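Data first, discussion second: the structure below is written as C-alpha coordinates.
In listed order, ligands and their atoms are each counted from 1. The structure displayed is predicted, hence computed values, not measured ones.
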Amino acid sequence: MIDLHVHSVYSDGTDTPAELVKKAEKRGLTALALTDHDTVGGIEPLLDAASGSVVEAVPGIELSAECERGTMHVLGYFVDHTCRALLEKIETVRAGRDERNTEILKKLNKLGYVLMWSDVEKHAGCDVVGRPHFAEALVERGHVKSRKAAFDLLLGKGRPAYVERYRYTARECIELIHAAGGISVLAHPATIHLPDDQLKGVVKGLKACGLGGIEAYYAEHKPENIEKFCGWAKDFDLICTGGTDYHGDNSPDLKLGSGFGQLRVPDEALENLKAAKQLLVQS
Ligand code: AMP
Ligand code: FE
Ligand code: FE
Ligand code: ZN
(Lines give C-alpha, C1' and ligand atoms only; values in the text may rest on other atoms or scores of the structure.)
(Ligands and ions follow the chains in the order given, each with its own letter.)
Protein backbone atom coordinates (compact mmCIF):
# COMPACT_ATOMS: atom_id res chain seq x y z
CA MET A 1 0.00 0.00 0.00
CA ILE A 2 1.23 3.51 -0.84
CA ASP A 3 -0.07 7.00 -0.06
CA LEU A 4 1.04 9.89 -2.24
CA HIS A 5 -0.90 12.74 -0.61
CA VAL A 6 -0.18 13.43 3.06
CA HIS A 7 0.03 16.58 5.23
CA SER A 8 2.13 17.21 8.33
CA VAL A 9 2.46 19.90 11.01
CA TYR A 10 4.44 21.92 8.45
CA SER A 11 1.02 22.84 6.98
CA ASP A 12 -2.38 21.76 8.31
CA GLY A 13 -1.75 18.19 9.43
CA THR A 14 -1.33 17.15 13.06
CA ASP A 15 1.56 14.66 12.75
CA THR A 16 5.23 15.44 12.48
CA PRO A 17 6.98 13.84 9.49
CA ALA A 18 8.59 11.32 11.88
CA GLU A 19 5.18 10.40 13.29
CA LEU A 20 3.90 9.93 9.76
CA VAL A 21 6.71 7.49 8.98
CA LYS A 22 5.93 5.53 12.19
CA LYS A 23 2.22 5.39 11.32
CA ALA A 24 3.02 4.32 7.78
CA GLU A 25 5.20 1.50 9.11
CA LYS A 26 2.42 0.36 11.45
CA ARG A 27 -0.12 0.36 8.65
CA GLY A 28 2.15 -1.57 6.33
CA LEU A 29 2.73 1.17 3.78
CA THR A 30 5.72 0.84 1.49
CA ALA A 31 5.81 4.49 0.39
CA LEU A 32 4.60 7.86 1.60
CA ALA A 33 4.74 11.24 -0.15
CA LEU A 34 4.67 14.38 1.97
CA THR A 35 2.68 17.05 0.15
CA ASP A 36 2.31 19.98 2.53
CA HIS A 37 0.55 23.14 1.34
CA ASP A 38 3.00 25.73 0.02
CA THR A 39 6.03 24.44 1.91
CA VAL A 40 8.89 21.98 1.63
CA GLY A 41 9.89 22.56 5.27
CA GLY A 42 8.94 19.01 6.25
CA ILE A 43 10.93 17.25 3.54
CA GLU A 44 14.30 17.15 5.31
CA PRO A 45 12.77 15.78 8.56
CA LEU A 46 10.81 13.25 6.50
CA LEU A 47 13.90 12.00 4.67
CA ASP A 48 15.77 11.77 7.98
CA ALA A 49 12.96 9.84 9.64
CA ALA A 50 12.61 7.45 6.72
CA SER A 51 16.28 6.62 6.32
CA GLY A 52 16.57 3.07 7.56
CA SER A 53 12.80 2.59 7.40
CA VAL A 54 10.97 0.16 5.13
CA VAL A 55 8.80 3.11 4.14
CA GLU A 56 10.06 4.96 1.10
CA ALA A 57 9.79 8.74 1.51
CA VAL A 58 8.81 10.79 -1.53
CA PRO A 59 9.43 14.56 -1.40
CA GLY A 60 6.41 16.56 -2.51
CA ILE A 61 4.45 19.79 -2.25
CA GLU A 62 0.87 20.92 -2.87
CA LEU A 63 0.39 24.35 -4.45
CA SER A 64 -2.92 26.21 -4.72
CA ALA A 65 -3.63 27.62 -8.17
CA GLU A 66 -5.92 30.43 -9.25
CA CYS A 67 -9.38 29.01 -9.79
CA GLU A 68 -12.56 30.92 -10.55
CA ARG A 69 -15.19 28.68 -8.99
CA GLY A 70 -13.83 25.88 -6.87
CA THR A 71 -10.39 24.87 -5.69
CA MET A 72 -7.48 23.84 -7.86
CA HIS A 73 -4.42 22.25 -6.28
CA VAL A 74 -1.30 21.10 -8.08
CA LEU A 75 0.93 18.46 -6.49
CA GLY A 76 4.65 18.28 -7.20
CA TYR A 77 6.59 15.04 -6.72
CA PHE A 78 10.35 14.56 -6.45
CA VAL A 79 10.90 18.31 -6.29
CA ASP A 80 14.34 19.43 -5.20
CA HIS A 81 13.45 20.98 -1.84
CA THR A 82 16.61 23.08 -1.90
CA CYS A 83 15.84 24.66 -5.30
CA ARG A 84 16.24 28.43 -4.92
CA ALA A 85 13.61 29.34 -7.50
CA LEU A 86 11.10 27.16 -5.69
CA LEU A 87 11.95 28.60 -2.28
CA GLU A 88 11.68 32.16 -3.61
CA LYS A 89 8.27 31.56 -5.17
CA ILE A 90 7.08 29.91 -1.98
CA GLU A 91 8.19 33.04 -0.09
CA THR A 92 5.87 35.14 -2.27
CA VAL A 93 2.99 32.82 -1.42
CA ARG A 94 3.92 33.06 2.25
CA ALA A 95 3.82 36.85 2.16
CA GLY A 96 0.38 36.62 0.55
CA ARG A 97 -0.75 34.31 3.33
CA ASP A 98 0.52 36.70 6.02
CA GLU A 99 -1.47 39.57 4.50
CA ARG A 100 -4.53 37.39 4.18
CA ASN A 101 -4.32 36.08 7.74
CA THR A 102 -4.28 39.64 9.05
CA GLU A 103 -7.34 40.44 6.94
CA ILE A 104 -9.24 37.33 8.06
CA LEU A 105 -8.61 38.23 11.69
CA LYS A 106 -9.83 41.78 11.08
CA LYS A 107 -12.97 40.52 9.35
CA LEU A 108 -13.78 38.07 12.13
CA ASN A 109 -13.33 40.75 14.78
CA LYS A 110 -15.51 43.16 12.79
CA LEU A 111 -18.18 40.45 12.60
CA GLY A 112 -18.13 40.32 16.39
CA TYR A 113 -16.05 37.19 16.93
CA VAL A 114 -13.53 37.79 19.69
CA LEU A 115 -10.33 36.16 18.49
CA MET A 116 -6.67 37.03 18.77
CA TRP A 117 -3.73 36.12 16.60
CA SER A 118 -2.29 34.15 19.53
CA ASP A 119 -5.44 31.92 19.45
CA VAL A 120 -4.77 31.10 15.82
CA GLU A 121 -1.02 30.68 16.21
CA LYS A 122 -1.55 28.22 19.04
CA HIS A 123 -3.27 25.81 16.65
CA ALA A 124 -0.78 26.23 13.85
CA GLY A 125 2.01 23.70 13.43
CA CYS A 126 5.52 24.89 12.81
CA ASP A 127 5.36 26.51 9.41
CA VAL A 128 2.37 27.50 7.23
CA VAL A 129 -0.63 29.12 8.98
CA GLY A 130 -3.94 28.80 7.13
CA ARG A 131 -7.71 28.75 7.44
CA PRO A 132 -7.84 25.37 9.22
CA HIS A 133 -6.01 26.96 12.15
CA PHE A 134 -8.55 29.82 12.25
CA ALA A 135 -11.27 27.16 12.25
CA GLU A 136 -9.77 25.42 15.26
CA ALA A 137 -9.36 28.70 17.12
CA LEU A 138 -13.02 29.58 16.44
CA VAL A 139 -14.10 26.19 17.80
CA GLU A 140 -11.94 26.56 20.88
CA ARG A 141 -13.33 30.03 21.59
CA GLY A 142 -16.83 28.54 21.39
CA HIS A 143 -17.86 30.65 18.39
CA VAL A 144 -18.73 27.61 16.25
CA LYS A 145 -19.39 23.94 16.96
CA SER A 146 -16.96 22.36 14.52
CA ARG A 147 -14.22 23.01 11.98
CA LYS A 148 -16.73 22.29 9.25
CA ALA A 149 -19.14 24.85 10.69
CA ALA A 150 -16.32 27.40 10.76
CA PHE A 151 -15.78 26.90 7.02
CA ASP A 152 -19.49 26.71 6.18
CA LEU A 153 -20.39 29.84 8.12
CA LEU A 154 -17.31 32.02 7.92
CA LEU A 155 -14.09 30.88 6.27
CA GLY A 156 -15.20 29.08 3.10
CA LYS A 157 -15.04 30.73 -0.32
CA GLY A 158 -17.84 33.30 -0.55
CA ARG A 159 -18.44 33.37 3.21
CA PRO A 160 -18.17 36.62 5.21
CA ALA A 161 -14.66 36.08 6.61
CA TYR A 162 -13.19 34.69 3.39
CA VAL A 163 -10.24 36.59 1.98
CA GLU A 164 -8.50 35.87 -1.32
CA ARG A 165 -4.77 35.38 -1.30
CA TYR A 166 -2.01 35.51 -3.83
CA ARG A 167 -1.87 32.34 -5.93
CA TYR A 168 0.04 31.40 -9.02
CA THR A 169 -1.83 30.32 -12.10
CA ALA A 170 -1.96 26.59 -12.76
CA ARG A 171 0.55 27.05 -15.58
CA GLU A 172 2.94 28.84 -13.23
CA CYS A 173 2.55 26.06 -10.64
CA ILE A 174 3.34 23.42 -13.25
CA GLU A 175 6.35 25.37 -14.55
CA LEU A 176 7.62 26.00 -11.05
CA ILE A 177 7.44 22.32 -10.12
CA HIS A 178 9.15 21.42 -13.38
CA ALA A 179 11.92 23.97 -12.73
CA ALA A 180 12.49 22.34 -9.33
CA GLY A 181 12.91 18.96 -11.04
CA GLY A 182 9.47 17.69 -10.07
CA ILE A 183 6.53 15.99 -11.77
CA SER A 184 3.27 17.96 -11.52
CA VAL A 185 -0.05 16.28 -10.84
CA LEU A 186 -3.55 17.77 -10.75
CA ALA A 187 -4.87 17.04 -7.24
CA HIS A 188 -8.47 15.96 -6.49
CA PRO A 189 -9.83 17.24 -9.86
CA ALA A 190 -13.44 17.16 -8.67
CA THR A 191 -12.89 20.16 -6.37
CA ILE A 192 -12.49 22.41 -9.43
CA HIS A 193 -16.29 22.14 -9.54
CA LEU A 194 -16.86 22.12 -13.28
CA PRO A 195 -19.11 19.90 -15.36
CA ASP A 196 -17.23 16.96 -16.88
CA ASP A 197 -16.91 18.33 -20.40
CA GLN A 198 -15.41 21.60 -19.15
CA LEU A 199 -13.23 19.86 -16.57
CA LYS A 200 -11.85 17.56 -19.23
CA GLY A 201 -11.01 20.67 -21.27
CA VAL A 202 -9.13 22.09 -18.30
CA VAL A 203 -7.12 18.86 -17.91
CA LYS A 204 -6.29 18.93 -21.62
CA GLY A 205 -5.10 22.53 -21.30
CA LEU A 206 -2.95 21.70 -18.28
CA LYS A 207 -1.38 18.78 -20.14
CA ALA A 208 -0.35 21.25 -22.83
CA CYS A 209 1.36 23.28 -20.06
CA GLY A 210 3.39 20.25 -18.97
CA LEU A 211 1.14 18.51 -16.46
CA GLY A 212 2.47 15.02 -15.72
CA GLY A 213 -0.37 13.31 -13.91
CA ILE A 214 -3.84 13.34 -12.44
CA GLU A 215 -4.91 12.24 -8.96
CA ALA A 216 -7.53 9.69 -9.88
CA TYR A 217 -7.30 7.64 -6.68
CA TYR A 218 -8.52 9.81 -3.83
CA ALA A 219 -10.24 9.00 -0.54
CA GLU A 220 -13.34 10.96 -1.49
CA HIS A 221 -13.63 9.69 -5.06
CA LYS A 222 -16.35 7.14 -5.77
CA PRO A 223 -15.28 4.11 -7.88
CA GLU A 224 -16.91 5.65 -10.96
CA ASN A 225 -14.88 8.84 -10.45
CA ILE A 226 -11.67 6.84 -10.21
CA GLU A 227 -12.54 5.03 -13.41
CA LYS A 228 -13.42 8.29 -15.17
CA PHE A 229 -10.20 10.07 -14.21
CA CYS A 230 -8.10 7.00 -15.08
CA GLY A 231 -9.79 7.11 -18.49
CA TRP A 232 -8.84 10.76 -18.92
CA ALA A 233 -5.28 9.91 -17.87
CA LYS A 234 -5.18 7.41 -20.74
CA ASP A 235 -6.70 9.91 -23.19
CA PHE A 236 -4.11 12.57 -22.37
CA ASP A 237 -1.13 10.35 -21.54
CA LEU A 238 -1.00 11.37 -17.90
CA ILE A 239 0.16 9.32 -14.92
CA CYS A 240 -2.64 8.14 -12.66
CA THR A 241 -1.67 8.87 -9.06
CA GLY A 242 -3.44 8.87 -5.76
CA GLY A 243 -3.50 9.43 -2.04
CA THR A 244 -5.68 10.06 0.96
CA ASP A 245 -5.04 13.76 1.72
CA TYR A 246 -4.38 12.64 5.28
CA HIS A 247 -4.35 15.52 7.78
CA GLY A 248 -4.03 13.46 10.98
CA ASP A 249 -6.43 13.96 13.89
CA ASN A 250 -8.28 16.62 11.91
CA SER A 251 -10.26 13.85 10.20
CA PRO A 252 -10.20 10.78 12.48
CA ASP A 253 -12.19 8.55 10.09
CA LEU A 254 -9.61 8.87 7.35
CA LYS A 255 -6.69 6.44 7.56
CA LEU A 256 -3.24 6.75 6.08
CA GLY A 257 -3.07 4.62 2.92
CA SER A 258 -6.65 3.31 2.84
CA GLY A 259 -8.63 6.55 3.30
CA PHE A 260 -12.14 5.67 4.44
CA GLY A 261 -11.25 1.99 4.06
CA GLN A 262 -11.66 1.37 0.35
CA LEU A 263 -8.75 3.23 -1.21
CA ARG A 264 -5.94 1.28 -2.86
CA VAL A 265 -3.43 3.36 -4.78
CA PRO A 266 -1.61 1.06 -7.21
CA ASP A 267 2.17 0.75 -6.69
CA GLU A 268 2.43 1.45 -10.40
CA ALA A 269 1.56 5.11 -9.68
CA LEU A 270 4.85 5.61 -7.88
CA GLU A 271 6.80 3.56 -10.42
CA ASN A 272 5.44 5.76 -13.21
CA LEU A 273 6.28 8.95 -11.32
CA LYS A 274 9.82 7.68 -10.83
CA ALA A 275 10.14 6.84 -14.51
CA ALA A 276 8.99 10.36 -15.40
CA LYS A 277 11.49 11.83 -12.95
CA GLN A 278 14.23 9.74 -14.51
CA LEU A 279 13.33 11.06 -17.97
CA LEU A 280 13.43 14.62 -16.61
CA VAL A 281 16.84 14.09 -15.07
CA GLN A 282 18.20 12.70 -18.36
CA SER A 283 16.73 15.51 -20.49
P1 AMP B 1 -5.87 27.66 3.07
O2 AMP B 1 -4.75 26.99 2.33
O3 AMP B 1 -5.41 28.45 4.25
O4 AMP B 1 -6.79 28.42 2.17
O5 AMP B 1 -6.75 26.47 3.69
C6 AMP B 1 -7.19 25.44 2.85
C7 AMP B 1 -7.28 24.15 3.64
O8 AMP B 1 -8.40 24.24 4.50
C9 AMP B 1 -7.57 22.92 2.78
O10 AMP B 1 -6.41 22.34 2.34
C11 AMP B 1 -8.27 22.01 3.75
O12 AMP B 1 -7.33 21.33 4.55
C13 AMP B 1 -9.04 22.98 4.62
N14 AMP B 1 -10.43 23.16 4.18
C15 AMP B 1 -10.88 23.83 3.09
N16 AMP B 1 -12.24 23.83 3.04
C17 AMP B 1 -12.64 23.13 4.14
C18 AMP B 1 -13.93 22.75 4.65
N19 AMP B 1 -15.07 23.11 4.04
N20 AMP B 1 -13.97 22.03 5.80
C21 AMP B 1 -12.83 21.68 6.43
N22 AMP B 1 -11.59 21.99 5.99
C23 AMP B 1 -11.50 22.71 4.86
FE1 FE C 1 -5.18 20.95 3.90
FE1 FE D 1 -5.62 19.77 -1.75
ZN1 ZN E 1 -3.85 18.04 0.33
Can you check whether R97 has an N/O within less than 3.5 Å of an N/O in ligand 1? yes

Would you tell me whether N250 and T14 have side-chain atoms, one donor and one acceptor, within less than 3.5 Å of each other? no

Treating Ile, Leu, Val, Met, Phe, Trp and Tyr as nodes and any side-chain heavy-atom pair under 4.5 angstrom as an edge, say whether V265 and I239 lie in one connected cluster. yes

Taking the side chain from R97 and the backbone from V128, do they hold a donor-acceptor pair closer than 3.5 Å? no

Ligand 1 atoms nearer than 4.0 angstrom to some heavy atom of R165 are 2 (O)

Show your working on side chain to side chain contact (heavy atoms under 4.5 Å, CB included) between L211 and F236 and close with a plain yes or no. CA-CA 10 Å; L211 187 74; F236 300 129; over 6 Å; no

List-wise, which protein N, O or S atoms are found short of 2.8 Å from the Zn ion (ligand 4)? H5 NE2, H7 NE2, E62 OE1, D245 OD1

Nearest neighbour in protein (non-hydrogen) for atom 6 (C) of ligand 1: R131 NH2, 3.6 Å

Between the Fe ion (ligand 3) and E62, is there an N, O or S atom separated by less than 2.8 Å? yes

Looking only at distances, can you tell me whether any N or O atom of R100, backbone or side chain, sits closer than 3.5 Å to an N or O atom of ligand 1? yes

A student comparing F151, Y162, F134 should find that the heavy atom closest to atom 23 (C) of ligand 1 comes from F151

Pick from R165, R167, R100: which one makes a salt bridge (Lys or Arg N to Asp or Glu O under 4.0 Å) with D38? R165

If hydrogens are left out, which of P132, G130, A150, S146 has an atom nearest to atom 5 (O) of ligand 1, that is, the closest non-hydrogen atom? P132

Closest approach to the Fe ion (ligand 3) by H73, given as the N, O or S atom name: ND1

Looking just at side-chain N and O atoms, do Y162 and E164 make a donor-acceptor pair shorter than 3.5 Å? yes

Could you check whether any side-chain N or O of Q198 sits under 3.5 Å from a backbone N or O of P195, counting only pairs where one atom can act as donor and the other as acceptor? no

So is H133 close enough to ligand 1, meaning a heavy atom under 4.0 angstrom away? no

Check: V79 main-chain N/O paired with H81 side-chain donor or acceptor under 3.5 Å: no

F260/E220 under side chain to side chain contact (heavy atoms under 4.5 Å, CB included): CA gap, chis, key distance, verdict: CA-CA 8 Å; F260 298 109; E220 286 176 18; 3.8 Å; yes

H7 near ligand 1, heavy-atom distance under 4.0 Å? no

So is there a nitrogen or oxygen of H73 less than 3.5 Å from a nitrogen or oxygen in ligand 1? no

Kindly confirm or rule out an N or O of K148 lying under 3.5 angstrom from an N or O of ligand 1. no

Is it true that a side-chain atom of K277 and a backbone atom of I183 form a donor plus acceptor pair closer than 3.5 Å? no

Within a reach of under 6.0 Å around NZ of K200, are more than 12 heavy atoms found that belong to other residues, nucleotides or ligands? yes

Test item: R159 side-chain N/O and D152 main-chain N/O as donor-acceptor pair under 3.5 Å: yes

Might you confirm whether atom NE2 of H143 has over 12 heavy atoms from other residues, nucleotides or ligands at distances under 6.0 Å? yes

Contact check: H37 to the Fe ion (ligand 3), N/O/S below 2.8 Å: no

N/O to N/O below 3.5 Å, does that happen between D12 and ligand 1? yes

Atoms of ligand 1 less than 4.0 Å from H247 heavy atoms? 12 (O)

Tell me, please: is E62 in heavy-atom contact with ligand 1, that is, under 4.0 Å? no

Is the distance from the Fe ion (ligand 3) to the nearest N/O/S atom of H5 under 2.8 Å? no

Would you call the rings of H5 and H7 parallel, tilted or perpendicular, taking 30° and 60° as the class edges? tilted

